[in-house]
Amino acid sequence: MNRDKLKILVVDDESRMRKLVKDFLVKQDYEVIEAADGAEALEQFYAVKDIALIILDVMMPQIDGWQVCREVRECSKVPVIMLTAKADERDELQGFELGVDEYIAKPFSPKILVARVEALLRRANVLNKDDVIKVGGIEINKAAHMVYIDEEAIELSFKEFELLTYFIENQGIALSREKILNSVWNYDYFGDARTIDTHVKKLRNKLGVKGNYIRTIWGMGYKFEVE
């Protein structure tokens with residue numbers, strides 16, 4: 001994944017648990033900041049400005065995870081994953097009321113934790129900050145809303161731009177018309193699928209020979225694939 005190292009604050013009073021989590025996250029190219037208790041967690045949180053996500057143990061001496069979360073939520077929407085020894089429904093409800101994003105009961109699989117971290121960061125749009133995407137001679141500049149074919153700018157409508165971006169971000173994946181409509185048009189679509197087919201046809205024309213990257217999968221939808 002192409003990104004500057006995102007900083008994750010791992011808060012747990014057990015050093016063995018911190019090391020386990022840290023090792024897995026570092027392997028995925030995250031930078032890990034550790035805190036052994038709630039007070040240190042808050043100190044680190046205020047000192048390190050760009051923390052992308054917090055993994056927070058509930059049971060800690062003095063300041064527990066709930067208090068840390070409460071204080072963090074007063075000034076930040078940073079994603080929070082709570083680690084708990086007891087999978088108690090009341091605890092979970094309290095966590096969600098405080099603005100906890102995910103809840104993982106110990107013992108847990110570190111691979112699952114990493115998958116949850118990635119999913120949360122995607123949801124928070126932290127992993128989608130690649131403003132420029134390049135593939136097969138097509139360049140998309142999301143910030144400027146521009147598309148270039150072999151360095152020549154082309155004019156796309158707003159929906160064509162969204163559609164092309166969606167195809168490229170899901171290249172190699174067979175996409176049903178329903179999935180494309182839900183993702184690009186943002187609503188459940190119960191009419192016929194000609195809306196998509198019309199947009200794809202126009203998009204292919206504007207892409208010239210690169211239009212061949214958008215392949216029709218008969219009876220299903222489309223797949224974007226660079227030869």
Side-chain angles (χ1 to χ4, degrees), residues 1-130 169-175 179 182-183:
M1 202 169 301
N2 228 351
R3 49 166 140 80
D4 293 329
K5 286 194 177 183
L6 293 173
K7 298 188 179 93
I8 296 182
L9 176 58
V10 175
V11 189
D12 199 307
D13 57 335
E14 282 181 70
S15 59
R16 188 183 53 84
M17 181 59 75
R18 286 199 312 275
K19 185 180 185 320
L20 175 75
V21 172
K22 180 179 181 171
D23 288 350
F24 268 82
L25 290 171
V26 166
K27 243 184 253 169
Q28 297 298 320
D29 212 28
Y30 292 103
E31 184 181 330
V32 174
I33 294 139
E34 293 181 62
D37 57 50
E40 194 185 342
L42 290 169
E43 231 168 79
Q44 293 281 27
F45 176 71
Y46 293 123
V48 182
K49 284 292 170 237
D50 52 351
I51 286 171
L53 182 138
I54 300 174
I55 296 171
L56 185 56
D57 186 35
V58 171
M59 305 295 283
M60 290 183 295
Q62 291 158 346
I63 301 176
D64 66 10
W66 301 128
Q67 275 177 276
V68 173
C69 185
R70 205 172 277 120
E71 192 161 327
V72 164
R73 275 290 168 266
E74 281 175 13
C75 61
S76 170
K77 287 190 167 74
V78 62
V80 173
I81 295 178
M82 276 291 208
L83 303 180
T84 173
K86 0 180 258 285
D88 186 334
E89 196 180 64
R90 277 169 318 185
D91 274 4
E92 289 200 26
L93 289 171
Q94 181 182 353
F96 290 131
E97 277 165 22
L98 284 176
V100 172
D101 298 273
E102 277 280 3
Y103 217 89
I104 299 181
K106 293 177 178 178
F108 54 83
S109 143
K111 281 182 185 166
I112 294 286
L113 178 66
V114 169
R116 298 275 182 89
V117 165
E118 300 264 281
L120 261 182
L121 289 173
R122 264 197 303 277
R123 248 169 32 213
N125 273 331
V126 178
L127 293 186
N128 298 342
K129 283 199 173 157
D130 297 338
E169 287 181 339
N170 291 279
Q171 58 184 301
I173 299 168
L175 302 163
K179 198 164 183 195
N182 287 342
S183 302

* Start with the C-alpha gap between Arg18 and Asp37, add the side-chain angles, then the distance that decides, and say whether salt bridge (Lys or Arg N to Asp or Glu O under 4.0 Å) holds. => CA-CA 11 Å; Arg18 286 199 312 275; Asp37 57 50; over 6 Å; no
* To do: Begin with the C-alpha distance, continue with both residues' side-chain angles, and end with the deciding distance and a verdict on side-chain contact (heavy atoms from CB on, under 4.5 Å) for Leu83 and Asp57.
  => CA-CA 5 Å; Leu83 303 180; Asp57 186 35; 4.1 Å; yes
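Contact annotation: the side chain of Ser109 never approaches that of Phe24 to less than 4.5 Å [non-hydrogen atoms, C-beta and beyond]. For the pair Lys5/Asp29, a side-chain contact is recorded, criterion being any heavy-atom separation below 4.5 Å from C-beta on. Side-chain contact between Ile33 and Leu9 is present, with heavy atoms from C-beta onward closer than 4.5 Å. Using a 4.5 Å cut-off on side-chain heavy atoms (C-beta onward), Val10 and Lys22 make no contact. Counting heavy atoms from C-beta on, the side chains of Asn170 and Leu175 come closer than 4.5 Å. A heavy-atom distance below 4.5 Å is found between the side chains of Leu42 and Val72. At least one side-chain heavy atom of Val114 sits less than 4.5 Å from a side-chain heavy atom of Leu25. A heavy-atom distance below 4.5 Å is found between the side chains of Val117 and Ile55.
The shortest non-hydrogen separation linking Cys69 to Met82 is CB-CE, 4.0 Å. Minimum heavy-atom separation, Ala52 to Pro79: O-CD, 3.2 Å. Heavy-atom minimum distance, Arg116 versus Tyr103: NH1-O, 3.6 Å.
Going from atom CD of Glu14 over to atom NZ of Lys106 covers 5.0 Å, rounded to the nearest 0.5 Å. The CH2 atom of Trp66 sits 10.0 Å away from atom CE of Met59, with the distance rounded to the nearest 0.5 Å. Leu120 CG to Glu102 CD: the interatomic distance, rounded to the nearest 0.5 Å, is 5.0 Å. With rounding to the nearest 0.5 Å, the separation of CD1 in Ile51 from CG in Leu6 is 12.0 Å. Rounding to the nearest 0.5 angstrom, the gap separating the OG1 atom in Thr84 from the CD1 atom in Ile104 is 11.0 Å. We find the CD1-CG distance between Ile81 and Leu113 to be 5.5 Å, quoted to the nearest 0.5 Å.
The main-chain N or O of Val80 is found under 3.5 Å from a side-chain atom of Asp101 such that the two form a donor-acceptor pair. Side-chain atoms of Ser183 come within 3.5 Å of backbone atoms of Lys179 as a donor-acceptor pair (strictly under, hydrogens ignored). Between the Arg73 side chain and the Val68 main chain, no donor and acceptor come within less than 3.5 Å of each other. Of the possible polar contacts, none joining the Gln67 side chain to the Ile63 backbone as a donor-acceptor pair under 3.5 Å is found.
A salt bridge is absent between Asp23 and Lys27; no separation between the charged side-chain nitrogens and carboxylate oxygens falls under 4.0 Å.
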